[in-house]
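Notes follow once the structure below has been shown.
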Amino acid sequence: MDEVWAGTTLYAFDGRVLEVFGFPGSESMRFHVLNLRIEVDEPDRKGRRWLRVRPLHGSGGMMVEVQAEEWPALGPFLDRVGTAIAAQ
């Protein structure tokens, strides 16, 4: 299991399912790589980015602001998830 904390949010990925725990407004969400879209905005002048995790089909998902100091851990994690999505 690949896990990373960003602020008060825990992201976990087992190679097929991305789980997000404790982000503002919800307790947890799960996304399968076959039904997953990840979008990350370019950093603002303070280095903050908006992260959106949504299903490809259907509604829902999450949007959270990622602080500059959280990105060095979260960015490579999301790259690994993206690699799994592309391999499908």
Side-chain angles (χ1 to χ4, degrees):
M1 179 74 68
D2 193 356
E3 298 179 345
V4 65
W5 282 94
T8 60
T9 304
L10 173 63
Y11 299 84
F13 185 62
D14 67 0
R16 307 239 341 131
V17 176
L18 172 64
E19 296 181 272
V20 185
F21 300 95
F23 68 93
S26 184
E27 291 185 21
S28 66
M29 294 190 106
R30 296 169 48 98
F31 303 90
H32 193 279
V33 293
L34 293 176
N35 190 32
L36 175 59
R37 177 180 1 170
I38 296 175
E39 301 167 349
V40 180
D41 290 346
E42 292 296 318
D44 67 11
R45 61 184 172 78
K46 293 186 178 181
R48 299 172 296 208
R49 303 166 193 254
W50 282 101
L51 166 65
R52 286 176 295 286
V53 181
R54 300 180 175 148
L56 282 175
H57 309 287
S59 61
M62 57 165 272
M63 185 165 107
V64 64
E65 187 178 53
V66 179
Q67 301 301 313
E69 62 272 11
E70 299 164 351
W71 190 250
L74 187 57
F77 173 87
L78 293 174
D79 288 343
R80 293 188 295 274
V81 175
T83 298
I85 293 169
Q88 300 303 311

Smallest separation among heavy atoms of Pro55 and Gly60, with atom names: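 Pro55 and Gly60 have their closest heavy atoms at CD-O, 3.7 Å.
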
From CA spacing to verdict: side chain to side chain contact (heavy atoms under 4.5 Å, CB included), Val20, Met62: CA-CA 9 Å; Val20 185; Met62 57 165 272; 3.5 Å; yes

Hey, could you give me the [atom1]/[atom2] distance between [X] and [Y], rounded to the nearest 0.5 Å?
| X | Y | atom1 | atom2 | result |
| --- | --- | --- | --- | --- |
| Leu51 | Tyr11 | CG | OH | 5.0 Å |
| Phe77 | Glu70 | CZ | CD | 13.5 Å |
| Ile38 | Arg54 | CD1 | CZ | 12.0 Å |
| Met1 | Glu19 | CE | CD | 5.5 Å |

Quick one: does any side-chain atom of Asn35 pair with a main-chain N or O of His57 as donor and acceptor, under 3.5 Å? yes

For Arg30, I'd like to know if atom CZ has over 12 heavy atoms of other residues, nucleotides or ligands within 6.0 Å. no

Assess whether a salt bridge exists between Asp41 and Arg52, defined as any Lys/Arg side-chain N lying under 4.0 Å from an Asp/Glu carboxylate O.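 Salt bridge flag = yes for Arg52 with Asp41.
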
Any side-chain heavy-atom pair from [X] and [Y] closer than 4.5 angstrom?
| X | Y | value |
| --- | --- | --- |
| Trp71 | Leu78 | yes |
| Leu74 | Thr9 | no |
| Ile85 | Phe31 | no |
| Val40 | Val66 | no |

Could you work out, with side-chain contact (heavy atoms from CB on, under 4.5 Å) as the rule, every residue matching Trp5, not counting sequence neighbours? Leu10

Glu69: side-chain hydrogen bond (donor to acceptor under 3.5 Å, both in side chains) partners, not counting sequence neighbours: none

Tell me the side-chain hydrogen bond (donor to acceptor under 3.5 Å, both in side chains) pairs involving residues 72-88, sequence neighbours left out?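 Pairs touching residues 72-88 that pass the test: Asp2-Arg80.
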
